[in-house]
Every structure is written in structure tokens, then in C-alpha cells.
Q: 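Here's a structure for you.
Below, all heavy atoms of this structure are taken into account, side chains as well, without hydrogens, waters or symmetry copies. Chain naming here is simple, since letters A, B, ... match the order of the sequence lines and numbering starts at 1 in each. Predicted model only: the values in this text are computed from it and were never measured.
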Amino acid sequence: MRLKKRDYVQNAVTMAKALLGMTLCRRLDDGSVLRARIIETEAYFGEEDTACHAHKGRTPRTDVMYMAGGHAYVYLCYGMHEMLNIVTGPADHPEAVLIRGIECATGPGRVTKAMRVSRALNRENMVSSKRLWIESDGKCTKFKASARIGIGYASRRDQSRKWRFIVTP
DNA sequence: TCACGGATTCGT
DNA sequence: CGAATCCGTGAT
């Protein structure tokens, strides 16, 4: 079943775990649909999380994270990689889940390449979009938690949080 | 207008 | 493990 708005309006850490095993769906311009099982995620939680892009407050870039859960936040990293995040939580509290891996593509840059996701989908409403959404079969998935990657700029405390989640076989 | 640096990737 | 890569962001 396709996720509804209420499914997205929850804590990003909870959502990051829940998204494991769910299916990321992408309809291309030619009508074909790409589907992939999500196997790795990371949570970014609010201005209090120094690893979160929104920790310095609301800016043109982070504005989308302040929208209600269910929107896509896509940005360019290292000048060359597009990153797909799912905005979660209530409006005005910036939270998001980075999709780090799908079956047959690990690494956030590879995920967007495989699923043909670009910044053109930034701010997309995944509740109503015909181009990007998520489906769940309701099943639980086992996973392991570890520290987030590539956040050396964050506080030691936030670097140590185990907010990276990977499906276990 | 411009200096800074990054939620990475790939090859060795 | 280290270099490539380069545009966007955010402040001036």
C-alpha cells in the first residue's frame, strides 16, 4: 500500500527504521515505473542535531525540511551527487531520512542515479505525486544500527548517535 | 558577487 | 586509503 500522509508525520529515527524493506517507486516520463526495496537509511533530526542540514536554521535550501512529512528533499552533494531524503515529522520541525541504499544500488549517489531522481523532484509531495512515492507491504524487517557516515562536521555527541540503519540478511 | 566545503565515489 | 570534482550555498 502506498504510504499516506500520517505515515510520514512521525519521528525521523522511527521512520528510518520503518522504511527498511519498503518499496521506493518512481514513474518516469515514458510511463514506466521503477521499483526498489529500501535497504539502508539514515535519520537527521531537527535543528538540535548538528549533523542535520537544518541545524543552522531555515535557509532557502533547508526550507523543504520544515514542511510536513511526506515531501522529498533532493540536493546536490560534492557538486556531483544527488541525494534523496524523505522529509518526516510535523511541519516546522526539520527532520528527514536519507535513502542510502536500495537493492542493487548502495550509496546515496547511486540510489538517485539508479532511480533517476534529481533535484527536479525536490519538494515533491510523495503522498500525491505520480512520479515518486513509497509503498509498504506491512511486514517487519530486521536491521542493525550504526553511526552515520560523512558527518565529521557534527558534534562528537551527534556523530556517535546510531542513526544509520541497514537491513540484515 | 565569491570563497568555502561537502549526508560521495571510485580507483589504487 | 587518497584524490577527484565542482556546483550550490549563504554571507557580503
Q: Taking all atoms of both residues into account, what is the closest heavy-atom pair of A:L3 and A:S136, and its distance?
A: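 Smallest interatomic distance, heavy atoms only, reads CD2-CB, 3.8 Å.
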Q: Tell me the interatomic distance from A:R100, atom CZ, to B:dT8, atom C1', rounded to whole angstroms.
A: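 Distance check: A:R100 CZ to B:dT8 C1' gives 8 Å.
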Q: Hey, what do you get for CG (A:L98) to OG1 (A:T41), rounding to the nearest 0.5 Å?
A: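 It comes to 8.5 Å.
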Q: Can you pull out the residues from residues 38-68 of chain A that lie within a 4.0 Å heavy-atom distance of DNA chain C?
A: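 Per residue number, the list reads A:T59, A:P60, A:R61.
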Q: Taking Watson-Crick and G-U wobble pairs with both distances under 3.5 Å, convert DNA chain C into its dot-bracket string, 5' to 3', dots for unpaired and | for cross-strand pairs.
A: ||||.||||||.
Q: So A:H53 and A:Y75, would you call those rings parallel, tilted or perpendicular, with 30° and 60° as cut-offs?
A: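 A:H53 vs A:Y75 ring planes: perpendicular.
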Q: Does A:R164 make a cation-pi contact with A:F143 (under 6.0 Å, within 45 degrees of the axis)?
A: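 Pair A:R164/A:F143 does not count as cation-pi.
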Q: Using a 3.5 Å distance criterion without hydrogens, assess whether the side chain of A:S155 forms a donor-acceptor pair with backbone atoms of A:D158.
A: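 Confirmed, A:S155 side chain pairs with A:D158 backbone.
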Q: Return yes if some donor-acceptor pair links the side-chain N/O of A:R37 with the main-chain N/O of A:I102 below 3.5 Å, else return no.
A: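 Flag not set: sc A:R37 to bb A:I102 has no pair under 3.5 Å.
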Q: Please give, in whole Å, the distance from B:dA7 P to A:I86 CD1?
A: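 Checked: the CD1 to P distance equals 17 Å.
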Q: Given 3.5 Å as the limit, does a donor-acceptor pair link the side chain of A:D7 with the main chain of A:K4, or not?
A: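 Looks like yes, one N/O pair under 3.5 Å.
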Q: In whole angstroms, how far is the P atom of B:dA7 from the CG atom of A:L98?
A: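 After rounding, the reported distance stands at 10 Å.
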Q: Kindly say whether the aromatic ring centers of A:F45 and A:H93 come within a distance under 6.0 Å.
A: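 Between A:H93 and A:F45, which both carry aromatic rings, the centre distance is below 6.0 Å.
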Q: For residues A:A72 and A:L132, report the shortest heavy-atom separation together with the two atoms involved.
A: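 Closest approach of A:A72 to A:L132: CB-CD2, 4.0 Å.
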Q: A:L76 near the nucleic acid: base, sugar-phosphate alone, or nothing, with a heavy-atom cut-off under 4.0 Å?
A: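 Sugar-phosphate only.
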Q: Whole angstrom is fine here: how far is it from CG in A:L84 over to C1' in B:dT8?
A: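 After rounding, the reported distance stands at 15 Å.
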Q: Could you measure between the two P atoms, the one in B:dA7 and the one in C:dA11, and give it in whole Å?
A: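 B:dA7 and C:dA11 have their P atoms separated by 16 Å.
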Q: Please give, in whole Å, the distance from C:dT9 P to A:E82 CD?
A: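 Spelled out: CD on A:E82 to P on C:dT9 is 11 Å.
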Q: Contact class for A:M80 (heavy atom, under 4.0 Å): base, sugar-phosphate, or nothing?
A: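 Base: the residue A:M80, judged by heavy atoms under 4.0 Å, touches a nucleobase.
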Q: Once you round it to whole Å, what is the distance between P of B:dA7 and NE2 of A:H81?
A: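 Atom NE2 in A:H81 sits about 12 Å away from atom P in B:dA7.
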Q: For a quick test of reading the model, state the closest non-hydrogen atom pair linking A:R119 to A:L76 and the distance between them.
A: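 Reported closest heavy-atom pair: NH1-CD2, 3.8 Å.
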Q: Please report the distance, rounded to the nearest Å, between CG in A:N122 and P in C:dG8.
A: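 Value for this atom pair: 13 Å.
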Q: State whether A:R119 places a side-chain N or O below 4.0 Å from either non-bridging phosphate oxygen (OP1 or OP2) of C:dC7.
A: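 Answer no for this pair, as no side-chain N or O of A:R119 is under 4.0 Å from OP1 or OP2.
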Q: Do any of residues 151-169 of chain A sit with a heavy atom less than 4.0 Å from DNA chain C, and if so which?
A: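 Within this stretch, nothing sits under 4.0 Å of the strand.
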Q: What is the separation between atom CE on A:M83 and atom P on C:dC6, rounded to the nearest whole Å?
A: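 Rounded to the whole Å, the gap is 16 Å.
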Q: Under 3.5 Å, side chain of A:R27 to main-chain N/O of A:K130, donor-acceptor pair present?
A: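 Checking the backbone N and O of A:K130 against the side chain of A:R27, a donor-acceptor pair under 3.5 Å is found.
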Q: Looking at every heavy atom in both A:L20 and A:E40, which two are closest together, and how far apart are they?
A: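 Closest approach of A:L20 to A:E40: CD2-N, 3.7 Å.
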